[in-house]
Amino acid sequence: MITIIGAGPAGSYLAYLLAKKGKDVALIEEHSKIGNPVQCTGIVTGSIEKFVKLKNSVVANKLNKVIITSKNNKTDAKVDEIVLFRDKFDQYISDLAKNQGVKILTTHKFMDIKNKNTIRVKDKKNNKIKTIKSDSIIGADGPSSSVARYISKNQKSRFYIGMQAKVKLKANQNEFETYFGNSFPNFFGWAVPESQDTVRLGLASLTNTKHYFYDFLKKRTGKTKILKWESGIIPIYNPKKIIQRNNIYLIGDAAAQVKATTGGGIIPSFKAANTLCDSIINKKNYNKEFQKQSGKELLLHLRIRSILNNFSDKNYDHLLKLMNQKKVKKTLEKYDRDTPIQLILNLLMKEPRFLLFAKKFKGFF
Ligand SMILES: Cc1cc2nc3c(=O)[nH]c(=O)nc-3n(C[C@H](O)[C@H](O)[C@H](O)COP(=O)(O)OP(=O)(O)OC[C@H]3O[C@@H](n4cnc5c(N)ncnc54)[C@H](O)[C@@H]3O)c2cc1C
């Protein structure tokens, strides 16, 4: 028996893959309804379809253009992005798992692990404690993972605080906006339409997030009605994080498998699920396999983030000016952010002045 804690995208997708390989899998979720509460913008690149074929009902919108704004500059680029209804998407992935025979226990909260292979869960409907014997235990329990403490007590995670609200706002439905500079320190702001009059507006930062968010909300929308809060924390990738100890594994946000440039964690967690499924089936070392398959890419995102975090408004203005060239736009259109190594190498070939920003990449490629 393999037990996975957390029926977010990482846990459900891994459960689906393992069950497809004939494994007996239980998926434990503390909420009564999978996919709720939503704490995500739900943007993914078209690469998601390399992992799962999406059905129309999980897609809120499709985006073909991004408008990138700095203090005194603006540019745009063609994109191929999908905006998901995260609640419906999570339910869809868990249905894929269920149809492969995965046993899903909702309203069950992971409590602790006893004697290496016995998990205790609490049935929140009646507060009864149940035990489940498992050969493998997987923590797919999100950024504040409780399973992570059984891998190491000393691995402290770092987080961005993401504040997002769904607001009433007229929008060009197929375009989304990103905002960079001193008003969005250490990360960026976004306005992502889910329809012509509903936008997911948010930003993330390391500190004072509330202050920056309300400032952004006021400037971008004037006074508008907040329909729903969808805030949450975004773990910062740590290349040294241990994600397997004996029969206990971490995946998704629990393993901080998130792109530090964008905060996107859905596609990296699907990639990691394939690696973990293969590691369990073929008895490979998941720590090493994950580094081999995804480590370099996520490290590149982290390096780009650390460069951007030192950018002033003037640096961003200059970067956007370089990005506004036809040859650069063409390259940006060709590679998405899920293939960052190819994207950067091609950008540097087309526009060597990007090297001005890239001293920290020395020795990377
Ligand atoms: C504001 C914001 C915007 C974002 N926007 C994007 C975006 O546009 N695109 C993108 O790709 N990513 C985005 N992300 C990141 C993305 O949401 C995460 O990377 C993704 O949800 C990770 O999936 P997961 O399955 O690892 O964890 P989660 O989605 O957090 O799922 C974990 C599951 O475990 C359950 N759980 C937790 N503890 C227990 C327990 N003790 N017992 C039982 N169950 C438990 C939870 O209820 C939950 O269902 C955003 C994040 C934030 C905060």
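Order of listing sets the numbers, starting from 1, for every ligand and every atom in it. Keep in mind that the numbers below use all heavy atoms, side chains included, and drop hydrogens, waters and symmetry copies.
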Min N/O separation G232 to ligand 1 under 3.5 Å: no
Ligand 1 to G142, heavy atom cutoff 4.0 Å, flagged ligand atoms 27 (O), 30 (O), 32 (C)
* Asked: Below 3.5 angstrom, do we get any N/O pair linking D90 and ligand 1?
  -> no
Worksheet item: Are the aromatic ring centres of W190 and F213 under 6.0 angstrom apart?
Response: no
A student comparing R86, K109, M163, Q39 should find that the heavy atom closest to atom 29 (O) of ligand 1 comes from R86
Q. Is there a side-chain contact between F110 and K122, using heavy atoms and a 4.5 Å cut-off?
A. no
From the list F188, F187, F216, ring-ring contact (aromatic ring centres under 6.0 Å, His included) with Y179 holds only for F216
For A10, the ligand 1 atoms with a heavy-atom partner under 4.0 Å come out as 24 (P), 25 (O), 26 (O)
The atoms of ligand 1 lying under 4.0 Å from a heavy atom of I234, numbered in the order shown, are 51 (C), 52 (C), 53 (C)
For G263, the atoms of ligand 1 under 4.0 Å from one of its heavy atoms are 12 (N), 13 (C), 14 (N), 15 (C)
For F110, the atoms of ligand 1 under 4.0 Å from one of its heavy atoms are 40 (C), 41 (N), 42 (N), 43 (C)
* Asked: Do the charged groups of K71 and D317 touch, with an N to O distance under 4.0 Å?
  -> no
### Message
If you measure every N or O of H31 against every N or O of ligand 1, does any of those distances drop under 3.5 Å?
### Response
yes
For the pair F270 and F89, name the ring-plane relationship: parallel under 30°, tilted 30 to 60°, perpendicular over 60°.
parallel
Measure centre to centre between the rings of Y212 and F184, then say whether the value is under 6.0 Å. no
Yes or no: does P9 have any heavy atom under 4.0 Å from an atom of ligand 1? yes
### Task
Look only at interatomic distance and state if G11 has a nitrogen or oxygen under 3.5 Å from any nitrogen or oxygen of ligand 1.
no
- Using non-hydrogen atoms of the residue, decide whether A140 is closer than 4.0 angstrom to ligand 1. yes
Is ligand 1 less than 4.0 angstrom away from at least one heavy atom of P143? yes
Among I43, I251, D253, the residue with a heavy atom nearest to atom 26 (O) of ligand 1 is D253
- So, the side chain of Q244 versus the backbone of N246: is there a donor-acceptor pair under 3.5 Å, distance only? yes
> Are any of the N or O atoms of I266 closer than 3.5 Å to those of ligand 1?
Replying inline: yes
Numbered in order shown, the ligand 1 atoms found under 4.0 Å of a heavy atom of I28 are 43 (C), 44 (N)
Closest to atom 3 (C) of ligand 1 by heavy-atom distance, out of I267, T107, N36, T41, is T41
Polar contacts were defined as any N/O atom of the residue lying under 3.5 Å from an N/O atom of the ligand; does this apply to E30 and ligand 1? yes
(message) I'd like to know if K128 pairs up with D123 as an ion pair, taking the criterion as any Lys NZ or Arg NE/NH1/NH2 lying under 4.0 Å from an Asp or Glu carboxylate oxygen.
(response) no
**Report entry** Any donor-acceptor N or O pair under 3.5 Å, side chains K133, T118
**Finding:** yes
Near I5 (heavy-atom distance under 4.0 Å), the atoms of ligand 1 are 42 (N), 43 (C)
The atoms of ligand 1 lying under 4.0 Å from a heavy atom of G252, numbered in the order shown, are 26 (O)
| query | Is there a heavy atom of S269 sitting under 4.0 angstrom from any atom of ligand 1? | reply | no
Regarding K62 and E81, does a basic nitrogen lie under 4.0 Å from an acidic carboxylate oxygen?
no
Q. Between D76 and K329, is the closest basic N to carboxylate O distance under 4.0 Å?
A. yes
Could K259 and E297 be called an ion pair, given the rule that one side-chain N must be under 4.0 Å from one carboxylate O?
-> no
Is a salt bridge present between K109 and E29, judged by a nitrogen-to-oxygen distance below 4.0 Å? no
